[in-house]
Amino acid sequence: MNAVGQPLSRFDGRLKVTGAARYTADISIQGAVHASIVSSSIAHGRTTAIDTTAAEKAPGVLAVFTHRNMPRMNPTPKPWSHLHPHGQSYLPLQDDKILYADQPIALVVAETLAQAACAGTLVRTEYEVQPPVVFGSQTLKDAVQPPQFLWPVSSSVGDADAAIATSPVRIKQIYSTSDRHHNQMEPHATTAIWDGDGTLTLYETTQHIFGCRDLVSIVLGIPPEKINVVSQFLGGGFGGKAYVWPHTLLTILAAKALKRPVRFQLTRAQMYSMVGHQAASVQTIALGATMEGRLNGIRHDSISPTAVSDNYIEYAALCARSLWSATGGIATNHKIVHVNRNTPTALRAPHEALGHFALESAMDELAYATGVDPVQLRLLNDTENDPDTGRPFSSRAMRKCLIEGAARFGWEKRTPEPGSMRRGRYLLGQGMASAIYTHWRWPGRARVTLNRDGSALVELGTHEIGTGTYTVMQQVAADALGLPSQKVTVRIGDTRLPQSHASIGSATMANAGASVMLAAKAARDKAIELARSGRGALFGDANVDEVIVRNGSLVLAKKNLEISYVELLARNNLPSLTADGNYDPSPEGPKAVFSFSAVFAEVIVDPDFGLVRLSRFVGAYDCGQVINPKTARSQAIGGIIWGIGQALLEQSETDPALGRFLHRNYSGYLVPTSADVPKLDVVFVGQFDGEASPIGAKGLGELTAVSVAPAIGNAVYHATGKRVRDLPITIEKLL
């Protein structure tokens, strides 16, 4: 039986629930000392004096670093890239400038964490204070066109404005989203160890061990071959742990200066201010359509805040470029406002989760304006070619997502008029939305070893970020080798292994999985060649393509011959066979590759108190071939819960006078709990997509967090007749 396609339980599940999985902060290093960061109490200005005398004399303190004595760093590389992923370009403790609230101004190292934290309270600082610049209606006028970050900042196909202006039905609205934070269960942590020969071992909470290694190499001037980065388990990443943040660089330098291993872990409050976040957005959508609902033009413009030192962009309008066909044209644009905050970064799902709220809410408004059912409206504007590039989609099961999702939900029973459906005294609303998600094609390497005992070892420098990577890589290798999956061991999370890419962008399964498949096939082919030409040459006159692998054996059916890997290696007196796989796709192929979904939400709303509860949810997804339905379903459930938080709960406000985020723990920043989540129904409708990856898979994880918010928002409108265009949808916005 093939392992691929089977709903296997996660290999690491038992390790995690029994405490056997070793996260970064769990790794005990003999002789390690502890670091604590002292943060600025202002958001804009500079330090004029820092008195560390009392802190240096405190019990257990080994050193106090400030900008006066911290070793110098090299500038971060420009232009930014995923290969050199600095979280922010402004380097810590290099000068007296203060660019954002809670910026590091000192690092205390002591024998214990309690001693380091206590001594930090003894550091006395004087400031020259300037008023902070914060994001809001008063700063939108200062928005500027940024340099390109990942994609082109603006796009234009046809003449969208003219098409909209001449359309009989026009929609133009402003939609906004709140700042959001990653809130991983595992805080960021670092342990830095310098060996006598100058080798640095870095235990790090990272989704990108090789990017971390290379960025540290550049900024701190260390040869990359002298750096080992280890991250075997991650307690949630969500994009925020894909980049190198100030605390990592400070910990490394402190360890080098003190010649002692140094451990550091962010506090929960510091997680909100020092390691990125998803920036708020203000988006303007204009749609022009025929009376029958066919789109003539789409214009999507977005403004988001970023740090004064960086140009990070939330590409919120990206989705409008490729989701729906518009006969007259599509135009998008992005601007940024530089404010006093730490640099924003990717948060599940960056770009698309923000942009789809605006676009798919506007599509719902268009459905009501034309009287066309929201599902039919989307079917009417479906397309087989990417409107942005003109290339055909490699596969696009959008119609199947819409039709099968609607059937599972029971959409045909819905009455379209707002406020027309009730459940007892509660208002009942049903809404839907569709989504498109970028598929990333990244190179990666893997190594597979067939052992004499009939087992196999898979090695690659990817990551387990909670998605089941150990398990799905087992399955891919097992199928290629003809082994039971339990006979395959996977080693990941170490830069001493074959180099892979970052575990971001929902790209691990398709790309790292492809490298594993290629390596496993290469190992299998080596074994077949050994059976053809090695000792005994059992398959001597056979063609390679006549040999199959099954149950740990090579089988030549036409001669009724079979030899196990165990016997083959023993006969040739070999302890093992090893082969490498190198997946090196071009960034873009001849076809446009995306993942797609259609999601359906039902809410109940208390008419007296405006309280919204999600009561049902159906998600239909096109992610190509599903390698493991159980882990894929878990990804979908997790993504939907992310969307519930975005829609109904998550918001982060900034104090306009102090320039700091006000909510810096789970009591102030609300995320969904079990009571907020009903039973979720998930269906996968895609098929093998060879253009996306040799294993036929497309990105899934982040796709599932996209368009949940507009589906819920559209359901709330259907229930109440009130259109909320500013997330989250809170009680006061409905009353």
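Numbering starts at 1 and runs along the sequence shown.
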**Student:** For the residue pair Y368 and Y717, is the inter-centroid distance of their aromatic rings smaller than 6.0 Å?
**Tutor:**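 Yes: the rings meet the under 6.0 Å criterion.
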**Student:** Would you indicate whether the side-chain heavy atoms of Q173 and R723 approach each other to under 4.5 Å?
**Tutor:** no
**Student:** Using a strict threshold of under 4.0 Å (side-chain N to carboxylate O), is an ion pair present between R391 and E691?
**Tutor:**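 Salt bridge flag = no for R391 with E691.
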**Student:** Please check if the distance between the ring centroids of Y272 and H181 is under 6.0 Å.
**Tutor:** yes
**Student:** Run the side chain to side chain contact (heavy atoms under 4.5 Å, CB included) check on D676 and L614 step by step: do they pass?
**Tutor:** CA-CA 7 Å; D676 299 303; L614 183 67; over 6 Å; no
**Student:** Is a donor on one side and an acceptor on the other found under 3.5 Å between the side chain of Q88 and the backbone of Y90?
**Tutor:** yes
**Student:** Look only at the side chain of S595 and the backbone of L700, and say whether a donor-acceptor pair between them is shorter than 3.5 Å.
**Tutor:** no
**Student:** Ring centroid separation for H501 and W440, is it under 6.0 angstrom?
**Tutor:** no
**Student:** Can you list the steps and then say if I174 with R725 is a side chain to side chain contact (heavy atoms under 4.5 Å, CB included)?
**Tutor:** CA-CA 7 Å; I174 296 175; R725 302 185 180 94; over 6 Å; no
**Student:** Testing the 3.5 Å rule here: is there a donor-acceptor pair between the side chains of S503 and T508?
**Tutor:**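 There is such a pair (donor and acceptor under 3.5 Å, judged by atom type) between the side chains of S503 and T508.
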**Student:** Check whether N340 reaches the backbone of L99 with its side chain - one donor and one acceptor, N or O, closer than 3.5 Å.
**Tutor:**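 Looks like yes, one N/O pair under 3.5 Å.
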**Student:** Using a 3.5 Å distance criterion without hydrogens, assess whether the side chain of E360 forms a donor-acceptor pair with backbone atoms of P710.
**Tutor:** no
**Student:** Under 3.5 Å, is there a donor-acceptor pair between the side chain of Q283 and the main chain of Y175?
**Tutor:** no
**Student:** Side-chain contact, heavy-atom cut-off 4.5 Å: W151 with I313?
**Tutor:**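 When only atoms from C-beta onward are counted, I313 and W151 do not touch, as no gap falls below 4.5 Å.
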**Student:** Could you check whether any side-chain heavy atom of M432 comes within less than 4.5 Å of a side-chain heavy atom of R378, counting everything from C-beta outward?
**Tutor:** yes
**Student:** Specify whether W411 and F409 have parallel, tilted or perpendicular ring planes, treating 30° as the upper limit for parallel and 60° as the lower limit for perpendicular.
**Tutor:** tilted
**Student:** Using only atom types and a distance under 3.5 Å, with no angle test, would you say the side chain of D310 pairs donor to acceptor with the backbone of S89?
**Tutor:** yes
**Student:** Name the orientation class of the two ring planes belonging to W245 and Y243 (parallel below 30°, tilted from 30 to 60°, perpendicular beyond 60°).
**Tutor:** perpendicular
**Student:** Centres of the Y315 and H334 rings: under 6.0 Å?
**Tutor:**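 Ring centres of H334 and Y315 closer than 6.0 Å.
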**Student:** So if I apply the salt bridge (Lys or Arg N to Asp or Glu O under 4.0 Å) rule between D382 and each of R294, R396, K400, which one comes out positive?
**Tutor:** R396
**Student:** Report the C-alpha distance between I729 and L734 in whole Å, list the side-chain angles of each, state the deciding distance to 0.1 Å, and finish with yes or no for side chain to side chain contact (heavy atoms under 4.5 Å, CB included).
**Tutor:** CA-CA 8 Å; I729 302 169; L734 288 175; 4.1 Å; yes
**Student:** Using modelled atom types only, decide if a donor and an acceptor are shared between the side chain of T139 and the backbone of V134 within a distance under 3.5 Å.
**Tutor:** yes
**Student:** Hey, are the side chains of F393 and M398 touching, using non-hydrogen atoms and a 4.5 Å cut-off?
**Tutor:**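 When only atoms from C-beta onward are counted, M398 and F393 do not touch, as no gap falls below 4.5 Å.
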**Student:** Testing L323, V706, L703 for side-chain contact (heavy atoms from CB on, under 4.5 Å) with I436, which one passes?
**Tutor:**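 When L323, V706, L703 are each tested with I436, the side-chain contact (heavy atoms from CB on, under 4.5 Å) holds only for L323.
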**Student:** Do you know the tightest heavy-atom contact between P728 and Q651?
**Tutor:** CD-CB, 3.6 Å
**Student:** For the backbone of S652 and the side chain of R180, can you confirm whether one donor and one acceptor N or O come within less than 3.5 Å of each other?
**Tutor:**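 Such a contact is absent between R180 side chain and S652 backbone.
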**Student:** Backbone N or O of L295 within a donor-acceptor pair of the N381 side chain at under 3.5 Å?
**Tutor:** yes
**Student:** Can you name the nearest heavy-atom pair linking R268 to M185, along with the distance?
**Tutor:** NH2-O, 3.3 Å
